[in-house]
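Contents: one structure, followed by commentary.
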Amino acid sequence: MLSSIYNPSSPFVLGILGGGQLAKMTSLAAYRMGLQVAVIENGEGSPAGMMTKHEFPGGWADRKQLDAFIDVSDMVTLENEFVDPDVLDYIAERRFVYPSPATMRLVQDKLIQKETFSKINIPTPQFAAIAQKSDLLSFGKAHGYPFVAKTRRLGYDGYGNSTVKQESDIDFTWRRFMESENPRPLLAESFVTFSKELAVVVARNKRGDVAVYPCVQTIQQGHICVSVLAPAPIDEQLRKRAQEISVACVEAIEGIGVFGIEMFLTVDNEIVFNEIAPRTHNSGHYTIEACHVSQFENHIRAVTNMPLGSTSMRVPAACMINLLGERTGNGIPDSVAGLLSVSDVALHLYGKKDVRLGRKMGHLTATAETTDAAFSKANSALDKFIW
Ligand code: ADP
């Protein structure tokens with residue numbers, strides 16, 4: 001399929017649904033590999049849209065823009081899981097789309113994810129569909145408090161989650177999600193007492209070849225990932241188990257492309273599945289500097305059915321820290337000089353026009369001999385960064 005990429009008269013154009021930082025970093029890898037990129041997104045000048053002449057700022061809800069985007073693209077992939085599968089079906093009538101609409105239907109709903117994976121004996125929290133308010137009560141009775149209520153779809157950075165600490169929280173939770181203008185169907189899951197959160201990125205191509213990245217630790221604050229330690233500072237056996245679970249999940253959904261699998265390490269040293277993202281993942285940004293082939297390049301290799309690249313680390317350890325907005329207004333930071341003065345630290349700024357509190361504006365990756373050293377180097381660079 002990719003035989004045309006080295007033919008300058010007919011460049012291969014990878015279409016990406018979405019123009020945020022994941023599309024931008026995928027584009028950077030694509031350009032290095034000799035591909036071109038088309039981006040469809042709502043609004044001009046998105047991080048990836050600004051990089052290409054094939055920018056479709058009308059978004060995929062605009063059929064004319066979508067058709068023009070399909071025309072120019074040789075194949076299509078995506079950078080977020082919120083694309084309507086009917087749109088993917090529409091594209092799939094004319095172009096290969098990976099991950100496939102069938103895979104997307106399995107992962108867009110957190111309840112279906114858990115049903116799919118528990119069927120193949122992947123450990124998950126206890127979970128149940130919530131059809132009416134009394135189901136929340138029954139869940140609390142069966143599994144105890146606290147438990148977590150989650151919107152089945154469209155949750156990100158914890159925005160669709162609510163911890164139900166006691167029976168009296170049920171009314172509020174139900175009203176918050178179900179009695180709003182747009183009711184959002186829920187699932188409930190037992191609260192996992194974890195010692196660490198882990199993640200693994202897996203790439204899989206159409207031939208079924210799989211490449212699995214090291215297991216990392218993700219550190220969240222207020223349900224948003226703030227930093228990542230690679231490799232996760234846990235026993236090698238546990239890291240292997242997390243990798244096995246992650247590969248099994250991607251194979252179960254016949255995933256093609258790169259997938260990020262989030263898991264809990266419980267206080268009893270069990271690994272429990274949390275969720276899967278059908279795209280390149282924040283926990284894999286460190287792979288750009290720290291692995292032989294980054295998650296972004298492997299995503300391109302996977303969706304174009306090319307041989308996958310080595311996922312092994314080329315440094316002993318790395319720490320990634322997200323640069324989250326600390327104010328509102330213009331997205332250009334005041335000074336990056338301090339951060340750049342720290343050696344072995346790479347800065348990525350996504351070029352978003354506006355900053356908001358908590359918005360992911362960029363990240364930095366520090367590499368070092370140990371995860372502790374990488375963590376302190378990354379934090380000392382962060383301290384020098386001025387918004
Ligand atoms: P999102 O899709 O919004 O990122 P997640 O389901 O991954 O939401 O939840 C975000 C964070 O909330 C997790 O990283 C974890 O810290 C916490 N969390 C989610 N589910 C549970 C659970 N069942 N038990 C304990 N903590 C949880």
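Whatever order the structure lists ligands and atoms in, that order sets their numbers, starting from 1. Because the structure is predicted, anything quoted here is derived from the model rather than measured.
- Interface atoms of ligand 1 facing Glu262, defined by a heavy-atom separation under 4.0 Å, are 7 (O).
- Close approach to Glu197 involves these atoms of ligand 1, each under 4.0 Å from a residue heavy atom: 13 (C), 14 (O), 15 (C), 16 (O).
- For the pair Glu189 and Lys110, the salt-bridge criterion is not met [side-chain N within less than 4.0 Å of a carboxylate O].
- Nearest to atom 25 (C) of ligand 1 by heavy-atom distance, out of Thr218, Asn161, Val192, is Val192.
- Residue contact check for ligand 1: Ala277 places no non-hydrogen atom closer than 4.0 Å to it.
- Residue contacts with ligand 1 include Phe264, since one or more of its heavy atoms lies under 4.0 Å from the ligand.
- For the residue pair His54 / Thr52, no side-chain donor-acceptor distance below 3.5 Å is found, with atom types taken as modelled.
- Using modelled atom types, one finds a donor on one side chain and an acceptor on the other under 3.5 Å when comparing Asn322 with Asn282.
- With a 4.0 Å heavy-atom cut-off, ligand 1 is reached by the backbone of Ser190 but not by any atom from C-beta on.
- Listed by number with element, the atoms of ligand 1 under 4.0 angstrom from any heavy atom of Glu275 are 1 (P), 2 (O), 4 (O), 5 (P), 7 (O), 8 (O).
- Residue Val247 is grouped with residue Leu106 when hydrophobic side chains (ILVMFWY) are merged at heavy-atom distances under 4.5 angstrom, including chains of intermediate members.
- Nearest to atom 3 (O) of ligand 1 among the protein's heavy atoms is Gly158 N, 2.6 Å.
- Close approach of ligand 1 to Glu189 (heavy-atom distance below 4.0 Å) involves ligand atoms 20 (N), 21 (C), 22 (C), 23 (N).
- Taking OG1 from Thr218 and CE from Met263, the interatomic distance works out to 9.0 Å, rounded to the nearest 0.5 Å.
- Phe139 has its ring centre less than 6.0 Å from the ring centre of His143.
- Close approach of ligand 1 to Lys150 (heavy-atom distance below 4.0 Å) involves ligand atoms 5 (P), 6 (O), 19 (C), 20 (N).
- Using a 4.0 Å cut-off between a side-chain N of Lys or Arg and a carboxylate O of Asp or Glu, Asp171 and Lys133 qualify as a salt bridge.
- Just one residue in the list His348, Lys352, His363 forms a side-chain hydrogen bond (donor to acceptor under 3.5 Å, both in side chains) with Gln21, and that residue is Lys352.
- Residue Phe194 touches ligand 1 through its side chain alone, judged by heavy-atom distances below 4.0 Å.
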